[in-house]
Amino acid sequence: MPEPVLPARITRDSDASIIRCEGDWSLEHLRRGLARLGRRDQRRQWTLDVSSIRRLDTAGAMLLLELQDQLPGKPAFDGLQARHAALLKLVEEHREPEPPPRPVRYGPLASLGKATMDVLAQTVAFLAFLGEFASDALPRLLRPFGVRWKQVVGEVQQAGVHALPILGLLSFLTGVVIAYQGGTPLEQYGANILIVDLLTITMLREMAPLMTAIIVAGRTGSAYAAQIGTMRITEETDALRTLGIGPLEILALPKLLALLIAMPLLTMFADVLGILGGMVVAHTMFDVSFTDFLNRMPEAIAPSSFWVGIIKAPVFAAIIVAVSCHHGFAVQGSTEAVGKATTRSVVQSIFLVIVADAAFSVIFNLLGL
Amino acid sequence: MAASDSADDCIVDIRNLHFSRGRNVIFDGVDIRIPRGSVTAIMGPSGTGKTTLLRLIGGQLRPDAGEVRVGDETVHQLRHRQLYRLRRRMGLLFQSGALFTHLNVFENVAFPLREHTDLPEPLIRDLVLMKLQAVGLRGARDLMPAELSGGMARRVALARAIALDPAIIMYDEPFAGQDPISMGALVTLIRTLNDALGLTSVIVSHDVAETARIADLIYVISQGRVVESGSPEQLMASESEWVRQFMHGLPDGPVPFHYPADSLADDLLDTRR
């Protein structure tokens, strides 16, 4: 038969000045504030009667000692059972009063400063990586036979060919949306045919390169960061170094070359699918037949629109590879860092891609393209 | 000055090495000489920078002062390309094995050969199988690293490390987390390979019993200094209280059992909130 539970209890007999501790002073039967005495109680002389404590564990012993500390003159434990005495003694010996380190709290100004310094440090680290990468890669590019072309082809397959379905679908839908949204106001003025200008210029100049960059950053950039980050954790990058092979050369350079090749091609693919999506909408909703659409296209756009879009692709590719490899190589310590690096690489590459796109817009505007 | 020392038979010669990370001093004047053809162990408690020492020998880190010489070359004065050439003469076995997870056992061992040589495929195949045979895993050549046990992975990594027939092989905690059988296999393997291939082995470890079984020479480092060095027997019978505690694994002694902490009572009762 299990013993009935007797929660730990303190009773105060004020007349006889006795504090009685009773019950199970073990972890599961202790309450918060059990051993806290009021200020009035703390001023009186008490006798501490512990004879009716049934069970005692380290937590209970700790609490008993705390209770004792609060009483003036530290009264001895009355009626302490022999089986509890040893535990109590052990616990008392190992209570080492030591000042805890003060938790550091920063004010808003200090936090701002710290955040700024963090960003600066990250920027410096990124620039250092870029420098290291460039100094490693440039001499190799001058001797193209040494480059791992087989690996480059594999990466093109991964980053390029395998991205075609998702990129195609999304570009097609983007084309549909642009044509649909733009077509409705144009229709009110009877300028349905201008849908061609709207669609082709938006797709070629902006949407296709951006969509491609965003999808590649999300699909491939994250994979790069995760792959390199995991290799850092499993010490594979160190193993490469000890085998006399630079990890940048075998991990980062083929990826850079692969994306430099794949991204312009993907952008062209996105151009085609996007315009196709727009054509379908123009045909079904706005009475612009495929023939009219295709006839209008050369009149509507200058070839420069196409090249303006394509020329951005390699730049975006370089941004994505640099950012994701940088975060991959920066992974240290635990597997948790891999997840963080992956997220950060995607966020930062998309951010930098959009910043670069804005810069391109300004430059092309100045050049009158 | 160097001529007066008998440095000829030392393949690794570390003199007055100083190294720190930030304000944290890791080595504060360390002298270590590793004789050619020996199995030398570098021992010490966790966190004394044993792995850092291997990285300094491998040229992945630069000392703040002092020098690390391997063979005739001072590691930290080498140019990039020379350093990489030197590293091909040094095998390093990582604690985790660090096999390339996307390659199978055969390709892992073949990797350094393919990278650094122009040998024809049949010759590579023979070399790889020979190395795998040496570690007893010729039958496991088609397995992927994920299918290997920890001990097997370490043996494959060992086969990869000796693929280029290095002059020195460094082991980073080779015995950590091994069951007695694979531990015994590794201990024997390290000694056998060392003697059969004429290598020099450097073992970094804190597994005293296993290391003492095979080492010719042990350096015990702690708090940035070499505390004592000598043969396993000499160290076991050491006068120093600290070395005795370490070599015999006594829980309390000059090294306290407790990490400095808040009062246990405060932690338990959570009175600091």
Self-check item: Pair A:Lys89 + A:Glu93: basic N to acidic O under 4.0 Å
Solution: yes
Quiz prompt | Option that, when pairs with chain A are counted at under 4.5 Å, heavy atom only, ranks first among B:Leu99, B:Leu83, B:Leu93, B:Leu164 | solution = B:Leu99
Quiz prompt | Residue B:Leu86 versus chain A: region with a heavy atom under 4.5 Å | solution = neither
Self-check item: Pair B:Glu67, B:His76: side-chain N/O donor-acceptor within cut-off below 3.5 Å
Solution: no
Quiz item: Any idea which of A:Val91, A:Leu240, A:Ile250 has the most non-hydrogen atom pairs under 4.5 angstrom with chain B?
Solution: A:Leu240
Quiz item: Should the ring pair A:Phe126 and A:His326 be called parallel, tilted or perpendicular, given that the plane angle runs from 0 to 90° and is split at 30 and 60?
Solution: perpendicular
Exercise. Under 4.5 Å heavy-atom distance to chain B, tell me which part of A:Leu65 shows up: side chain, backbone, both or neither.
Key: neither
Exercise. Heavy-atom distances under 4.5 Å only: say whether A:Thr242 touches chain B with side chain, backbone, both or neither.
Key: both
Quiz item: Salt bridge or not for B:Glu73 and B:Arg89, using N-O below 4.0 Å?
Solution: yes
Quiz item: Under a 4.5 Å heavy-atom cut-off, does chain A meet the side chain of B:Arg85, its backbone, both or neither?
Solution: neither
Quiz item: If you count heavy-atom pairs under 4.5 Å with chain A, which of B:Glu115, B:Gln60, B:Met90 comes out on top?
Solution: B:Glu115
Practice problem: Quick one: which of A:Thr230, A:Thr234, A:Ile233 has the most heavy-atom pairs under 4.5 Å with chain B, could you say? | Solution: A:Thr234
Quiz item: On the ring face of B:Tyr84, is B:Arg87 found with NZ or CZ under 6.0 Å from the centre and within 45° of the axis?
Solution: yes
Quiz prompt | Closest contact, heavy atoms only, A:Ala258 versus A:Glu155 | solution = CB-CB, 3.3 Å
